[in-house]
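To find a chain, count down the sequence lines: A is the first, B the second, and so on, and within it residues start at 1.
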Number of protein chains: 4
Amino acid sequence: MPEQPRAARRGRPPEAGLAQRRRRQIIESAYVVFAERGYEGTAISDVAAHASIGQGTVYRYFTSKREILDHVVDFGIEKLVATIEPQKMLQLPTSAEDLMESLHAAASRIYDMVEGEPEFIRLLFVEASAIDKELADRLLGLEMFAAKFVARELRRGIEARWIRADVDVDVIAHTILTLVLPGLMRELRGPSNAEVRERTVAAVLNLMMKALRPRSLAP
Amino acid sequence: MPEQPRAARRGRPPEAGLAQRRRRQIIESAYVVFAERGYEGTAISDVAAHASIGQGTVYRYFTSKREILDHVVDFGIEKLVATIEPQKMLQLPTSAEDLMESLHAAASRIYDMVEGEPEFIRLLFVEASAIDKELADRLLGLEMFAAKFVARELRRGIEARWIRADVDVDVIAHTILTLVLPGLMRELRGPSNAEVRERTVAAVLNLMMKALRPRSLAP
Amino acid sequence: MPEQPRAARRGRPPEAGLAQRRRRQIIESAYVVFAERGYEGTAISDVAAHASIGQGTVYRYFTSKREILDHVVDFGIEKLVATIEPQKMLQLPTSAEDLMESLHAAASRIYDMVEGEPEFIRLLFVEASAIDKELADRLLGLEMFAAKFVARELRRGIEARWIRADVDVDVIAHTILTLVLPGLMRELRGPSNAEVRERTVAAVLNLMMKALRPRSLAP
Amino acid sequence: MPEQPRAARRGRPPEAGLAQRRRRQIIESAYVVFAERGYEGTAISDVAAHASIGQGTVYRYFTSKREILDHVVDFGIEKLVATIEPQKMLQLPTSAEDLMESLHAAASRIYDMVEGEPEFIRLLFVEASAIDKELADRLLGLEMFAAKFVARELRRGIEARWIRADVDVDVIAHTILTLVLPGLMRELRGPSNAEVRERTVAAVLNLMMKALRPRSLAP
DNA sequence: AATGAATGAGCTTTCATTCAT
DNA sequence: CATGAATGAAAGCTCATTCAT
């Protein structure tokens, strides 16, 4: 059935998807300038200028500056999740080495991203959290989700005997996720150093291996 | 002590330390209201009101709102350092157990403080960091200083053979310091739970022990 | 006089009255939303939405929001005049009773309308007048026109001796027209009360009768 | 007792009454510019400029533009009441002539004021009423209060037999108060005319006399 | 002819900072 | 020294109007 406009469709046809594109355009611009100058330090006019549109236009697509931040955070989370490529982790690890390798790969990808966009973490974890608790909670929620995932792997590892039985999986899952943080922080400070970075990841994962593997499996 | 009238002010200058006291008073008030409402959400008049002084007076002791934040951060760092009571750590540990005990005690003190002033971490690490990089760097500097301290202990431990020789002390020192973070984050979310908290600290330190102790010493 | 189409437009000219109909449609929508939310409180987009047309279309038929108000006022005046049904008054009264009866009937019709559309008076006399003097003057002009009409009747009444000779007809004509006002005002305040309303009209007209009729005719 | 400041009163003494003066100053400026350009047509900066103060200062004394309007209305009502000099009416009338004389005097004073400040009525009754019902109600309340006052006089007149017994005092009280309106309206249109004005008041009051006096007292 | 996307002027309101007293 | 009154720059947001399609 060809597009049969009902009742003499008059006037300029509303370009489908335009709203989606404009929203995206604004969110991306906001992402950039928020990261650069911070949320409070950014005026809507800055966002509009960066997107090369009028300030008024911004308000055609978002009802408030705050709403834009919400979407910027979602955008950031999407980006973060995409970076980690969780689907790559779906091949269940069958040994501590496997698990560590997965984590190593994920950590590397995160480092790569942060290297490319050093303001990313700042915007997402610092800036957004400073605005209000709801946003901070959203990020914590993300961490909790990931921790549950890791905890499940750990439990499987215990059952399969490639992880010590006395490990408090819930606590350690959170801990593992936090282990990249000190490296990330250092990354944020300035030009990163590939060697230091590799050493950091290696040392931390090595430590985890030592701690998690049952003695019987130790070399 | 009679109140020395102005005009023909002879003798001892009135209260050399008054300026210091005023500054302190303002910083403490700012600390409270910044923690409560955030830096951007706080007006200078709020600070002045909390300190029971006029707004103008604030500007006799600080040149800008921003400068006050600097001092609030310093104040917070002092508090944090005092909480950790580093002098208690000066008795050098002579075993992994010793070191872990020290860290356990420090972690407990930090948890206690956060429990008492949950907005503390938020102000120091989130709010302040969001304002500008220089403040974030100051906090990172604190961490680096502490990490150096821990690294030295680790190195001593290796020499004394109660820590494995293949530990990358610089990296692990940072890592150790970060290990309390996930617990702290959870703490910030709501009413803390003594049992969960103890379990977290125990699990993490246990993990460290396992990882750091040479095999020969393991039970 | 045929309408000469520019650019060889042959065949039936497309809807000569369409413009008229569109204008009418817009004015009626504007009348409704202006009455509901006030002139300043109404956006052109509200008018367009109520008329189920695009905002741009509004500007094909009117050059400005202000111009629409002009027409809304005219529309309101028309409605008011139609309500009063002046043609019914063309049967010249031949006694004070006649005149009063006419006025009574007119007053009743006005009350009925206000009861049905309580925002009517507000829009016409309050809202519009607040915008600019020219609009207020237009309403005053209406009143003056009506007053002239009433004055003529009064003069006829004096000649025919059913009205006192010493009545200042010009002044009293205006006065008569204003006499319904206090009732109308009360009507605007809330749910009207048929009994109060009837009493009001009766009292006022009774008073007029007493005042206008020559003593010789008084019972 | 000389001013004994408690506890070393320091700093510039807060000038007593300044707030009152500033508020008054702002209200009077607002009264002028609101009357001139209307409430919606006036920006706070206009009010501030007219009062020769900064915009920010306005907000030290009022929390919103709307609050200013409230006070302007109160100011207008005060002015109106002061104009009518109700205390002059406290000598109870003892005849219809007395009452009419009182009303005549009051009407004259109102006309005088309107002549001096033609925008007065517009601001108070048109502009303010257009903003919201609460303000309109405040004005209606004023009228109701005055009407009660007049009604009481009328009732006394009936008892004293200088007013007909069959007068519906409540209705007529409202009516009397409205009788000046048409004159006022005309007054608003342009340069007033003393002769027309006198004639208007005379005619209306004469009519009232005729209508209210019992036949037995008529000449 | 009709549309709705785009725009920027202009609004109210906040607040860091200055300064007369 | 201390004060709080004064200020104006700057922010978020609205909407009458324009114009490409």
Tyr61(C) OH to dT3(E) C1', in whole Å, measures 12 Å
Residue mapping more 5' on DNA chain E - nearest nucleotide basis, Ser64(D) or Thr57(B): Ser64(D)
Just jot down the ring pair (Phe, Tyr, Trp, His ring centres under 6.0 Å) partners of Phe62(D), sequence neighbours excluded, or say none. His71(D)
Please enumerate all residues that pass ring pair (Phe, Tyr, Trp, His ring centres under 6.0 Å) together with Tyr59(C), with sequence neighbours excluded. none
Counting only N and O atoms by type, is there a donor-acceptor contact under 3.5 Å from the side chain of Arg138(B) to the main-chain atoms of Val73(B)? no
d(Thr42(C) OG1, Glu127(C) CD) to nearest 0.5 Å is 7.5 Å
Round to a whole Å and report the spacing from CZ of Phe62(C) to P of dA2(E). 13 Å
Please state how far atom CZ in Arg22(A) lies from atom C1' in dG4(E), giving the value in whole angstrom units. 12 Å
Give a yes or no on whether the backbone of Asp74(D) and the side-chain of Lys79(D) come within a donor-acceptor separation of less than 3.5 Å. no
Where along residues 29-55 of chain C does a heavy atom come under 4.0 Å from DNA chain E, residue by residue in number order? Ile53(C), Gly54(C), Gln55(C)
Distance check needed: dT17(E) C1' versus Glu67(B) CD, whole Å only. 14 Å
On DNA chain F, more 5' by nearest nucleotide between Lys65(A) and Arg66(C) is Lys65(A)
Measure the distance from CD1 on Ile68(C) to P on dT17(F) and round it to the nearest whole Å. 9 Å
To the nearest 0.5 Å, atom OH of Tyr31(B) lies from atom CD of Glu119(B) at 9.5 Å
Residues at least two apart in sequence or cross-chain that pass side-chain hydrogen bond (donor to acceptor under 3.5 Å, both in side chains) with Asp137(B), listed by chain then number, are none
Encoded 5' to 3' (Watson-Crick or G-U under 3.5 Å; [ ] crossing; | other strand), DNA chain F becomes .||||||||||||||||||||
The side chain of Arg60(C) lies closest to which of these nucleotides: dA1(E), dG12(F), dT17(E)? dA1(E)
Nearest-Å distance, OH (Tyr59(B)) to C1' (dA6(F))? 14 Å
Apply the test side chain to side chain donor-acceptor pair (under 3.5 Å) to residues Gln20(B) and Arg23(B): give CA-CA distance (whole Å), side-chain angles for both, the deciding distance (0.1 Å), then the verdict. CA-CA 5 Å; Gln20(B) 279 310 311; Arg23(B) 288 173 67 91; 4.8 Å; no
Salt bridge (Lys or Arg N to Asp or Glu O under 4.0 Å) partners for Arg37(D), two or more places apart: Asp46(D)
